[in-house]
Every structure is written in C-alpha cells, then in structure tokens.
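Here's the structure, in structure tokens; my notes come after.
In what follows, residues are counted from 1 in the order of the sequence shown. Excluded from the calculations below are hydrogen atoms, water molecules and symmetry mates; all remaining heavy atoms, backbone and side chain alike, are included.
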Amino acid sequence: MPSTTATPSSHRRLRRFAVALVCAAATTVLAQAPAPAAPPPMVDLAGSWAMSNDEELLIRIDPGPELENYTGFPLNAAARQKALAWNSTIQAVPEHQARPHPAQYSMRGPGPNFHMGEVIDPKTRQLVAYTITGLFQNANRTIWLDGRPHPSVFAEHLWNGFSTGVWEKGTLKVTTTHMKQAFLQRNGIPSSPYGVMTEFFIRHGDRLLVISQVDDPIYLEEPMIRSSTFAWNPGQRENPIVQVEIADELPNLKPGDVPHYPLGFRQTDYADSHGLPWEATLGGAETLYPEYAEKLKALMPQRRAQ
C-alpha cells in the first residue's frame with residue numbers, strides 16, 4: 001500500500017495554500033469594509049492673542065457704553081425694562097465689586113488680551129481641550145474637544161460656563177451653557193442663566209476672528225450676534241490677577257438697598273447727543289434690519305420738534 005505519511009514538501013504546500021486563503025479572505029473583508037474616517041481639519045489656535053481694536057473700541061474700553069444705548073441688541077420688553085432700571089452705582093455694592101466678566105461678555109471687552117493653551121492627553125497625545133486664560137478677574141475658560149456631554153440642567157452655573165468644541169471645516173465651533181445671570185454689555189443689558197452661546201473661532205494668518213451668537217429665551221427676541229478680532233502676539237503675557245479689596249463705598253446705602261432707577265425713568269443723553277428719537281435707541285429685533293430706516297424717517301420729525 002502506498003505510504004500516507006506526509007513529506008516535508010507537502011507540508012510546505014499546505015502552509016502556502018492556507019496562507020493564500022487567509023490573504024484572500026482578508027482582502028475581501030478590507031474591500032467590503034468602509035474606509036476609516038479622515039481626521040477633522042484642525043487649525044492651530046494656540047498662542048497669545050491681543051485685541052486688535054477693530055470693533056467698537058470706545059464701547060469696549062473707554063469711555064464705555066452710554067446709558068440707554070441699546071442699539072444693535074434684539075432686546076425684548078423684559079430686557080428693556082431691566083436695562084432701563086440699571087444704575088451704575090450698583091457696581092459699588094460689595095457683592096458686585098469683584099465680580100468677573102461672564103462668558104457672554106468676557107471675550108468682548110475690555111480687550112481681552114488672552115492666551116489659548118493646549119491640554120494634551122498624556123497617553124494618546126491627542127488635543128483634548130483648549131484653555132483661555134487672561135480673562136477679567138480670572139474667569140478663565142476651558143473648551144473641551146473630547147466629546148464629553150454638557151452637565152445636567154441642575155448643575156452649577158459659573159462665570160465661565162461649560163464649553164465644548166467641534167471642528168467644522170477648519171473652524172472651531174464652541175457651545176457654552178451653564179453661564180451665570182449677568183450682562184451682555186456694561187450698561188445694564190441683561191443676560192439670563194438660560195442662555196446658550198455659540199462661538200466660531202476662525203483663524204486667518206495672524207488674525208483670529210471670534211463670532212459669538214447668544215440665544216437667550218428670557219431677554220432676547222432673536223439671537224444676538226457680534227464679532228471680535230484679535231492679533232497674534234507671541235511675546236505677550238497675560239496681566240497678573242487683580243487683587244481686589246472689598247470696601248464700603250456707599251456709607252449711606254442701607255442694608256438690602258439696591259441702586260436702581262425707578263420704572264418709567266428716561267435717560268435721554270445718548271439720544272440727545274446723536275440727534276436720535278429716544279425710541280430708536282432702545283434696541284429690539286426690529287431696529288436691526290434695513291426696513292427700520294423707513295420707521296426712523298417717520299420718527300425724525302418728532303425729534304426735530306422737541
């Protein structure tokens with residue numbers, strides 16, 4: 001009878017055949033599997049950035065916004081009533097003397113001159129967050145890029161809020177929630193703790209454009225959008241944290257008193273200095289669109305008659 005014992009050469013042929021089958025199967029699987037997703041396009045935003053003074057310098061720094069200058073803001077009736085009652089003396093109340101700027105405003109003024117730093121995962125070496133430091137009264141921000149969810153609606157609200165970011169075609173889109181009730185401008189325009197801010201960080205060479213949209217169901221008729229431009233400044237260092245000593249600046253203020261203007265008070269200095277009807281300076285979504293020019297023309301004869 002012929003021998004059934006396999007020879008070394010037959011073993012080699014079997015191994016080559018098995019390897020060929022495995023390679024063929026792997027090729028078929030790879031051909032059927034979808035191609036891995038390409039990493040999102042990223043732009044390097046790290047570094048120091050300085051206010052380039054391209055937008056509203058006199059409002060953002062000195063002398064600051066005038067009372068009852070609410071132009072450009074889509075305020076609703078509740079926001080307008082609150083803003084008209086705002087009195088700048090409230091800044092001297094102890095609870096307000098060391099108050100940071102909220103996230104809704106901290107990227108707007110005065111300045112700021114800030115640094116964007118990278119948070120790198122020690123194991124994967126992936127960028128998991130950006131930090132923004134140098135903001136007023138140390139209300140510095142962290143923008144998480146690792147896909148973590150936003151906290152519960154019952155979580156604590158902070159001056160800097162809670163921010164997450166995603167890359168969209170080379171633009172960093174940042175969503176911020178859990179911001180404290182504060183202000184949108186330093187003349188009493190309010191913001192509620194229910195607002196959501198969406199920002200777009202867009203780099204053009206040595207310029208950084210930050211477009212901010214605030215959606216506030218309590219105080220705004222529609223989203224409020226504004227932009228700020230910053231210049232890359234590699235030699236810049238943030239200012240040291242300001243040490244604030246709380247002092248009794250209003251000795252005649254009784255405990256529990258809140259400086260304010262009474263309901264119905266009219267502060268017309270801004271309208272008078274610019275020759276505008278008072279109603280046209282009170283903001284509102286209607287005033288943001290070109291069609292409002294026709295209504296303004298109708299109001300101007302009343303202004304001239306005053």
When you measure from the side chain of [X] to the backbone N and O of [Y], does any donor-acceptor pair fall under 3.5 Å?
X: N160; Y: N140; result: yes
X: Q104; Y: F183; result: no
X: D216; Y: S191; result: no
X: N187; Y: E66; result: yes
X: T281; Y: A271; result: no
X: R186; Y: I59; result: yes
X: R108; Y: R60; result: no
X: R203; Y: D44; result: yes
X: N113; Y: E238; result: no
X: E222; Y: A285; result: no

If you round to the nearest 0.5 Å, how far is CZ of R99 from CD1 of I90?
7.0 Å
Contact between [X] and [Y] at the side-chain level, heavy atoms closer than 4.5 Å - yes or no?
X: L75; Y: L220; result: yes
X: L145; Y: L172; result: yes
X: Y70; Y: L282; result: yes
X: V174; Y: Y130; result: no

Short N-O contact, E199 and R141, less than 4.0 angstrom
yes
With a 4.0 Å cut-off, would you call E56 and R226 a salt bridge?
no
Which of these, Y261, W278, W86, sits in a side chain to side chain donor-acceptor pair (under 3.5 Å) with E68?
W278
Aromatic ring pairing F162/H178, orientation class (parallel under 30°, perpendicular over 60°, tilted between)
perpendicular
Could you tell me how the ring of Y105 sits relative to the ring of H101: parallel (under 30°), tilted (30 to 60°) or perpendicular (over 60°)?
perpendicular
How close do W159 and Q181 get, heavy atom to heavy atom, and via which atoms?
CZ3-O, 4.5 Å
